[in-house]
Amino acid sequence: MGSILGNNDWSFMPLSLREYDVSENCGFLSDDIPLQKLDDEYYQPWEYLITEFVSYQVSGKFREKILELPLLSTEHLKTLPNYKRAYMVLAYLVHGYVWSIHKKPEEKIPKCLAVPFCQVSEYLGLNPVTSYASLVLWNWKTMDKTEDMMSLDNLTTIFNFTGSPDEVWFDLISTAIEVKGGKVIYCAGKIIRSIQSNNLDGVVEGIDELSKGLKESTKILTRMYEKCDPYIFFHKIRPYLAGWDGIETNGLKRGILYEGTDELDPEKEYKKFVGGNAAQSSVFQAVDIILGIRHYSDDSENEQNQRNERVKPPGNPYLLEMRGYMPGQHRRFLIDLEKVCKLREYVLNNTVDVSKVNNQKFTESIEALSISNESKTSKGHFPKEKQTELLKSYNKCISTLKTFRDAHLVIVKTYVVDEAMKLRNQSSEPSKTPTKSESEKQNNKDQPENSITGTGGSNPIVFLKKLRDETTESRLK
Ligand code: HEM
């Protein structure tokens, strides 16, 4: 894919953007269009089953077909795009096997899937479970050769679990938001370079561009309602996305056994992983890092202590855990970006005449104030109107991110909480036809609203409101 924004200098990072598999055009989607098929014919048995995924799910023969697969070696996957494709194919096959429709969940993944899946996942630095990478990052193709190839209306998915347009749309909304991740990367570079050369105008331009990108992302997010029905999401799509941690109610109390991958104590062979969800997107963790927004532990006692210490973003254990579900190169990018991006400190340092930086909530403000008092006398500082411009631009960007998080909260309420509540209310009514959701109904019956869990097993509303509020609190007065 040709460069849209140009190849800027990223020498302030230890690796090149290419080595992080990140680009200024498409962010964490990278510039490589995902493979439509594994290069080597040797993998035909996997490719065949994945194209017939929905048919075998509906016919009830999916597990039977999986058990007929030969155990294939991963040594014919010569390139990164082949590894990505293999991970995707295997992730869909594994989740189709575990969560086969109209069947009880299966807690043992057979050797023919488990062995190559664990090997491929390890190569990519991922856990052997469906993740945002298989659902979104590597699961897209473009349709027509138009000017705006990567626009939402010109994208489609490669795989989906249910064959429903709702699922395609559900995935594509994230893909289109990831495309905007290109702008996030571009702005990060521009902001860091401008800070290094003390170019305040450049910093402001970078922040304003970032705000624009976030605004566009929110617009895309709210298009979820257009073609993804909450009922279909909750009852048909979401069950396939589930992992095997924090969802004991679905019967996988011990997690999953990956047959043939561990010859040790049988009890220890069971592994727990959360399912695929957009909390595994690197884009929003990158935005938090760029803006220096800190998130904290869910434990309130701990939270108080943490606020008094200097906690690096994201700080929240769940968000940190989600990094383990990102491709290794992306995780490395975030870790390295944290070390070089000093925007918040720059804003604190350069707005001393126009902001109350002694905001007690952030120890770092006080530290920055003392640094800035020194720098005032030693280096001089920008005129008040420039300081105001910087402060406004920074706060506006944080507000734009808050607006994204607000819109996302409404989505989670509509697609998860409301649907779960409807299911709970129905469970008290007598049902005529026994369906797979009967067991779900039973489990949901006694749950209060605040006990509903997200894909990752956390309480989504409480968790997401906390992140949203921490975003709001990061504005500098
Ligand atoms: C029907 C659509 C969606 C639902 C039901 C949904 C649900 C959730 C839930 C329940 C969480 C909490 C973590 C967990 O329990 O897994 C979460 C987190 C998150 N989601 Fe979504 N989500 C949806 C769409 C999206 C999209 C399209 C994006 C953007 C690409 C997104 C970005 C995020 C992010 C970044 C987090 C981490 C929290 C944060 O940084 O604010 N979500 N989502």
Side-chain angles (χ1 to χ4, degrees), residues 27-29 129-133 135-137 140 152 166-167 169-181 184 213-214 216-239 241-243 245-247 273-289 291 293-295 298 313-323 325-326 334 401-420 451-472 474:
F28 297 92
L29 294 181
V129 67
T130 277
S131 67
Y132 190 69
L135 298 168
V136 174
L137 297 182
W140 57 272
L152 178 56
D166 301 66
E167 187 183 351
W169 192 249
F170 168 74
D171 289 342
L172 288 182
I173 291 290
S174 293
T175 316
I177 291 173
E178 287 296 321
V179 176
K180 300 292 166 198
V184 171
L214 288 170
E216 287 161 11
S217 298
T218 308
K219 253 195 190 162
I220 297 170
L221 182 70
T222 55
R223 290 190 63 189
M224 183 67 82
Y225 306 102
E226 283 177 22
K227 295 176 196 170
C228 180
D229 184 297
Y231 178 91
I232 296 187
F233 168 76
F234 191 81
H235 293 274
K236 307 288 179 197
I237 305 168
R238 191 171 176 262
L241 310 181
D245 191 12
I247 46 151
F273 297 113
V274 303
N277 67 73
Q280 296 160 1
S281 162
S282 304
V283 170
F284 293 90
Q285 293 217 13
V287 174
D288 277 337
I289 290 170
L291 294 170
I293 296 172
R294 292 156 189 228
H295 298 294
D298 304 332
N316 178 284
Y318 184 74
L319 291 185
L320 283 173
E321 188 192 337
M322 287 308 101
R323 287 195 182 176
Y325 293 81
M326 295 172 186
L334 294 180
L401 177 61
K402 180 213 173 258
T403 307
F404 179 90
R405 288 196 156 123
D406 276 333
H408 178 261
L409 260 161
V410 179
I411 290 214
V412 177
K413 185 170 181 312
T414 312
Y415 284 80
V416 179
V417 179
D418 292 354
E419 287 304 315
S451 70
I452 291 158
T453 57
T455 325
S458 59
N459 177 335
I461 297 296
V462 175
F463 168 71
L464 294 168
K465 275 191 177 159
K466 189 172 174 301
L467 296 186
R468 190 266 323 266
D469 292 346
E470 285 163 350
T471 307
T472 315
S474 301

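In each ligand, atom 1 is the first atom listed, and ligand 1 is the first ligand listed.
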>> Quick test of your reading: applying salt bridge (Lys or Arg N to Asp or Glu O under 4.0 Å), list the pairs with at least one residue in residues 170-180, sequence neighbours left out, ordered by first then second residue.
In response: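 Listed once each, the pairs are Lys180-Glu216.
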Can you tell me which portion of [X] lies within the under-4.0 Å heavy-atom range of ligand 1? Options are side chain, backbone, both, or neither.
| X | result |
| --- | --- |
| Val274 | neither |
| Gln285 | neither |
| Leu464 | side chain |

>> Donor-acceptor pair, distance only, cut-off 3.5 Å: does the side chain of Trp169 make one with the backbone of Arg223?
In response: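 The answer is yes, because a donor-acceptor pair under 3.5 Å joins these two groups.
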> Counting only N and O atoms by type, is there a donor-acceptor contact under 3.5 Å from the side chain of Glu419 to the main-chain atoms of His235?
Replying inline: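 Not at all, since once roles are kept as given, no pair shorter than 3.5 Å links the two residues.
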> Would you say His408 and ligand 1 have an N/O pair spaced under 3.5 Å apart?
Replying inline: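 Such a contact does occur with ligand 1.
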> Does an N or O anywhere in Arg405 fall below 3.5 Å from an N or O of ligand 1?
Replying inline: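 N/O-N/O distance under 3.5 Å: yes.
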How about [X] and [Y]: do any of their side-chain heavy atoms sit closer than 4.5 Å?
| X | Y | answer |
| --- | --- | --- |
| Gln280 | Leu135 | no |
| Leu401 | Asp288 | yes |
| Phe170 | Leu241 | yes |
| Tyr325 | Val129 | yes |

>> Which residue in the set Ile411, Val416, Val417, Val410 passes side-chain contact (heavy atoms from CB on, under 4.5 Å) when paired with Thr414?
In response: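 Exactly one option meets the side-chain contact (heavy atoms from CB on, under 4.5 Å) with Thr414, and it is Val410.
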> If hydrogens are left out, which of Phe463, Tyr318, Phe404, Tyr225 has an atom nearest to atom 14 (C) of ligand 1, that is, the closest non-hydrogen atom?
Replying inline: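 Looking at heavy atoms only, the winner is Tyr318.
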> Should one rank Val416, Ile177, Leu409 by closest heavy-atom distance to atom 5 (C) of ligand 1, which comes out on top?
Replying inline: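 It is Val416 whose heavy atom sits nearest to atom 5 (C) of ligand 1.
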>> Check the orientation of Phe233 and Tyr415. Use parallel for under 30°, tilted for 30 to 60°, and perpendicular for over 60°.
In response: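 Perpendicular: the ring planes of Phe233 and Tyr415 meet at over 60°.
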> Salt bridge check: are Asp469 and Lys465 linked by an N-O gap of less than 4.0 Å?
Replying inline: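 Salt bridge: no.
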Of all the atoms in ligand 1, which lie at a distance below 4.0 Å from a heavy atom belonging to [X]?
| X | value |
| --- | --- |
| Ile411 | 1 (C), 2 (C), 3 (C) |
| Leu221 | 26 (C), 27 (C) |
| Phe233 | 5 (C) |
| Pro460 | 10 (C) |
| Leu467 | 38 (C), 39 (C), 40 (O), 41 (O) |
| Asn277 | 16 (O) |
| Phe284 | 29 (C), 35 (C) |
| Ile173 | 27 (C) |

> What residues form a ring-ring contact (aromatic ring centres under 6.0 Å, His included) with Phe404, not counting sequence neighbours?
Replying inline: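 Checked Phe404 against ring-ring contact (aromatic ring centres under 6.0 Å, His included); matches are Phe284.
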> Does ligand 1 have an atom under 4.0 Å from some heavy atom of Tyr132?
Replying inline: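 The answer is yes, since Tyr132 has a heavy atom less than 4.0 Å from ligand 1.
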> Below 4.0 Å from any atom of ligand 1, is there a heavy atom belonging to Ser281?
Replying inline: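 In this structure, Ser281 fails to qualify as a contact of ligand 1 - no heavy atom is under 4.0 Å.
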